[in-house]
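As the structure is a prediction and not an experimental result, all values here were calculated from the model. Values below: every heavy atom of this structure, side chains too, minus hydrogens, waters and symmetry copies. Letters A, B, ... mirror the listed sequences (proteins, then strands); counts begin at 1.
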Amino acid sequence: MTISPQDRMKISRHPMPARDPEVRIRCFEEVALGYDEHTAREEAMRCLQCKRPYCVEGCPVSIDIPAFLREVVAGNIDKAAAIIKKTNSLPSICGRVCPQETQCEERCVLAKKGKPVAIGALERFVADYDRQFGLTKQQVNVRPSGKKVAVVGSGPAGLTAAGTLAQMGHSVTVFEALHEPGGVLVYGIPEFRLPKEIVREEVSSLLDLGVEFNLNVLIGRTLTIDELLGDGYSAVFLAPGAGVPQFMGIPGENLNGVSSANEFLTRVNLMKAFLFPEYDTPVYCGKRVAVIGGGNTAMDAARTALRLGPEKVYIVYRRSEKEMPARREEIEHAKEEGIEFLCLTAPVAYLSDSRGWVTEMECIRMELSEPDESGRRRPVPVEGSNFRIPVDTVIVAIGAKTNDLIVKATGGLSVAKKGYLLVDPQTQMTSRPGIFAGGDIAGGEATVIAAMGQGRVAAQSIDRYVRER
Amino acid sequence: MPQILEKRELAPRTHYFRVKVPLIARHAQPGQFIILRVHERGERIPLTIADSDRQSGTITLIVQEIGATTRQLAMLRTGDEIRDILGPLGTPSEIEKFGTVVLLGGGFGIAAIHPIAKALRNADNTIVSIIGARTRDLIIMEDEMRAASHDLVIMTDDGSYGRKGLVIEPLKEMIESGRRVDRVVAIGPLPMMRAVAELTRPYGIKTVASLNPVMVDGTGMCGGCRVAVGDSTKFACVDGPEFDAHLVDFNELSARTQMYRDFEKTHMCRIEERLQQLESAQGVAGQ
Ligand SMILES: Cc1cc2nc3c(=O)[nH]c(=O)nc-3n(C[C@H](O)[C@H](O)[C@H](O)COP(=O)(O)OP(=O)(O)OC[C@H]3O[C@@H](n4cnc5c(N)ncnc54)[C@H](O)[C@@H]3O)c2cc1C
Ligand code: FES
């Protein structure tokens, strides 16, 4: 069946089906429901199959998007999956969490006049179909290399590197500090956005490839990198993320009821505090919640809080909604669910009762001036515009810093600004031969896909490195 | 999973565990702790490493039954396994030759004092240890502490053993009598550590306290363990748990440690119910 470009352009973009907001705010079930086969085909038909596909340039791992969409139209989902998996080993995850509107979809030619092809939703469809019916199987087709490689951290960077290295025939051990593998995918991103079952499946497919997971090992304390190198590991890939939560340093930030988004989300996601007391970990969430920040973490914290039953949840963000770094879909979902956005607003202090619990938040209005180094317009406070809002819960989600634990415990690792590990962008090798790094610890985009991309590049250069000796 | 090689009761509701965790035993240093999870649905809680032995690959934990998790831990027996243990965590104690060091251990803080006393003694310090508890039965590790100290003073609130009074009193007498004290290490309930800090502050004696805020991950990722120290906020799980006691904001810390205790209290009946289910299930299994 051939369709003319004109006909293709007549099809309008298919919205992602979503669970009813009334229902979903009372549970942790996934919000976005995914396309069915028919919708997926119809949507894939919208692709104009450009000679020079800009979408591919917008993809951090250069998935051959027109090719996989062609296979979806032809009904060859297995082939579509194989095309995606050539460069993306975690497509079920990326289809759900990538900021497509600033990557592939932003570059889609259809976006110029109307709405881009829903590439993210289609990636998700293909990957889920593939998982459900077991169409593609990762396997090791090469002879064992006899080399041992250690991977530190099991977030998207670590998992990708581990999978890639195992397929190259190396014997891979992942060391993870927490009791469950997945990094931010398990402790940060909530169930309603990324079901943990998917992460567990990805981990189990790595187990099938022979990857070993050593949980509850904090590299730098339980074991050092030098011990690993002395214990027969030929190379080490560092992917510990940038997990240290930032605070603003304003009065009252250590009051009871104020926590970081990482703490709040870890209690709920990793420790399952929403099932307390069937699970032992509690989480405090009061009646009036303010979440500070405008990124994915802030949206996740706000929507998670909402599901714990408060009366009111605010997002407090110092720029305007347009500048929010969160994925568009999360912002839309948050609004549909009834979260109130206080934009151009920044907290300046938290006030408390006599027992040290937060009761009120003092804010100041902001306005935007010239763009700063990030290209976003800089917010400046409006003198005298202070006002107060009663709150009993504050969740701070203003970004993360690097943890210097590994650097301190390991000699010879050079760091760049803000503690990011200095790496050669071509090889991901650090200043110490044999030690590679990627993901949030190496700076960059702080997205799942960027972390994966670096994990893959690192795996390729680790492969070269260990075979040379 | 780490196995419990030995478990016994040291005092009422206070238990001794020797657990096989070779990597932790190999790296543990005085002042460090672990985070454990008893079972798959368990909470992560921090516990001080009271002793470690590389040869046998074991560490010692002293556990007082105070919350839901420590009570579940207390139900375990020799031979049982603990779901997860992460460690050693935290920055080790500063061990140097200081001169005369007074170590104060209150209640099960005695367990935390012990490895530090041992290491400081090995570093040629003169060790004066003052350990105390409410009553005689709660004085733990007396023999170990005696071996690690040049002088050991025992205090009980009710006078049932040693001297009657608080651990701070002998320290006060020492300082006031002009005896040289180069360093003080205090580990125990917050009011005790705060009182020690206030006592030594005017004399400018360097005083270290080991703090026990709420923790979740223990790796620096959540910030739940943050404490105000001087002008900055520190994460006790990586920067601590030991800090200069003269710089710690004890008021804030005591409010913060209360946060989830209030929570536990409001849910106590539900927690109680679950613990009783577990206890009776264990009773059945044990028959
Ligand atoms: C709440 C939240 C929502 C997000 N939403 C999105 C989104 O929608 N889309 C998107 O693209 N990105 C999102 N991000 C960002 C994205 O998750 C990160 O960029 C990505 O996870 C980084 O991957 P990583 O592999 O570098 O590290 P991480 O995922 O941070 O994993 C690092 C792992 O290493 C472990 N570790 C750390 N130190 C050690 C050590 N010394 N020894 C052993 N193990 C160690 C940690 O416990 C952790 O499990 C979000 C982040 C957060 C916090
Ligand atoms: S316990 Fe989470 S940062 Fe210290």
Side-chain angles (χ1 to χ4, degrees), chain A residues 177-180 183-184 187-188 214-218 220-224 227 240-247 249 253-267 270-273 275-284 352 354-357 396 400-405 408, chain B residues 2 21 23-24 26-27 32 34-45 67-69 72 83-90 214 216-228 232-233 235 238 249 251-256 258-260 262-264 266-267 270-275:
Chain A
L178 294 174
H179 58 255
E180 205 177 312
V184 170
Y187 79 71
N214 239 330
L215 305 176
N216 297 315
V217 176
L218 182 63
R221 295 255 204 252
T222 316
L223 270 174
T224 63
E227 283 175 298
V244 179
Q246 260 180 314
F247 288 92
E253 229 169 4
N254 291 351
L255 290 171
N256 285 349
V258 183
S259 67
S260 75
N262 275 7
E263 179 183 352
F264 183 77
L265 290 169
T266 301
R267 284 179 182 274
L270 182 70
M271 307 309 297
K272 309 243 180 317
L275 298 173
F276 180 88
E278 283 69 42
Y279 281 72
D280 292 344
T281 306
V283 66
Y284 167 76
S352 70
S354 59
R355 290 169 52 249
W357 282 84
V396 183
K401 297 187 290 192
T402 52
N403 193 332
D404 61 4
L405 191 79
K408 273 193 187 158
Chain B
V21 271
L23 285 182
I24 301 178
R26 197 202 306 168
H27 295 88
Q32 290 189 301
I34 53 109
I35 282 196
L36 64 71
R37 213 164 59 117
V38 178
H39 53 79
E40 201 161 349
R41 296 177 165 205
E43 187 174 12
R44 296 168 68 96
I45 61 154
T69 302
Q72 293 177 51
R83 176 80 204 197
D84 302 291
I85 303 188
L86 171 68
L89 302 173
V214 171
V216 184
D217 58 301
T219 70
M221 182 270 277
C222 78
C225 62
R226 63 198 189 281
V227 287
S232 53
T233 292
F235 288 5
V238 284
D249 182 341
N251 285 337
E252 181 189 286
L253 181 62
S254 89
R256 282 183 64 75
Q258 207 52 46
M259 174 165 173
Y260 275 103
D262 285 358
F263 194 96
E264 263 198 14
T266 33
H267 294 83
R270 283 162 78 197
I271 296 173
E272 224 23 88
E273 208 175 288
R274 241 203 99 222
L275 286 173

Does any backbone or side-chain atom of [X] lie under 4.5 Å from a heavy atom of chain A? Answer side chain, backbone, both or neither.
X: B:Gln72; answer: side chain
X: B:Arg37; answer: side chain
X: B:Leu89; answer: both
X: B:Thr219; answer: both

For the interface with chain A, which of [options] has the highest count of heavy-atom pairs at distances below 4.5 Å?
options: B:His27, B:Gln258, B:Arg26; value: B:His27
options: B:Gln32, B:Arg44, B:Met221; value: B:Met221
options: B:Ile24, B:Thr233, B:Asp217; value: B:Thr233
options: B:Gly218, B:Pro88, B:Ser254; value: B:Pro88

Closest-packed option against chain B by number of heavy-atom pairs under 4.5 Å, given [options]:
options: A:Val258, A:Leu265, A:Leu275; answer: A:Val258
options: A:Asn262, A:Asn216, A:Leu215; answer: A:Asn216
options: A:Pro245, A:Ala400, A:Gly257; answer: A:Pro245

* Just checking, A:Arg267 and B:Tyr260: is the charged tip under 6.0 Å from the six-membered ring centre and within 45° of the axis? -> yes
Can you tell me which portion of [X] sits under 4.5 Å from chain B's heavy atoms? Options are side chain, backbone, both or neither.
X: A:Glu227; answer: side chain
X: A:Tyr187; answer: side chain
X: A:Thr266; answer: side chain
X: A:Leu255; answer: backbone
X: A:Asn403; answer: side chain
X: A:Val396; answer: neither

* Asked: Excluding sequence neighbours, so at least two apart, what forms salt bridge (charged side-chain N to carboxylate O under 4.0 Å, His left out) with A:Lys401?
  -> none
* Could you tell me whether the side chain of B:Arg226 and the main chain of A:Glu253 form a donor-acceptor pair under 3.5 Å? =>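 Checked: pair present.
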* To do: Taking B:Arg256 for its side chain and A:Asn254 for its backbone only, find out whether a donor-acceptor pair lies under 3.5 Å.
  => yes
* Looking only at heavy atoms, which two atoms of A:Pro282 and B:Glu43 are closest? And how far apart? ->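 Shortest heavy-atom separation between A:Pro282 and B:Glu43 comes out as CD-OE2, 3.5 Å.
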* What residues, two or more places apart in sequence or in another chain, satisfy side chain to side chain donor-acceptor pair (under 3.5 Å) together with B:Asp249? -> none
* **Carboxylate-amine/guanidinium contact B:Arg83 B:Glu40, below 4.0 Å** => yes
* CD on A:Gln246 to OG on A:Ser260, rounded to 0.5 Å ->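 Between A:Ser260 OG and A:Gln246 CD, I get 11.5 Å after rounding to 0.5 Å.
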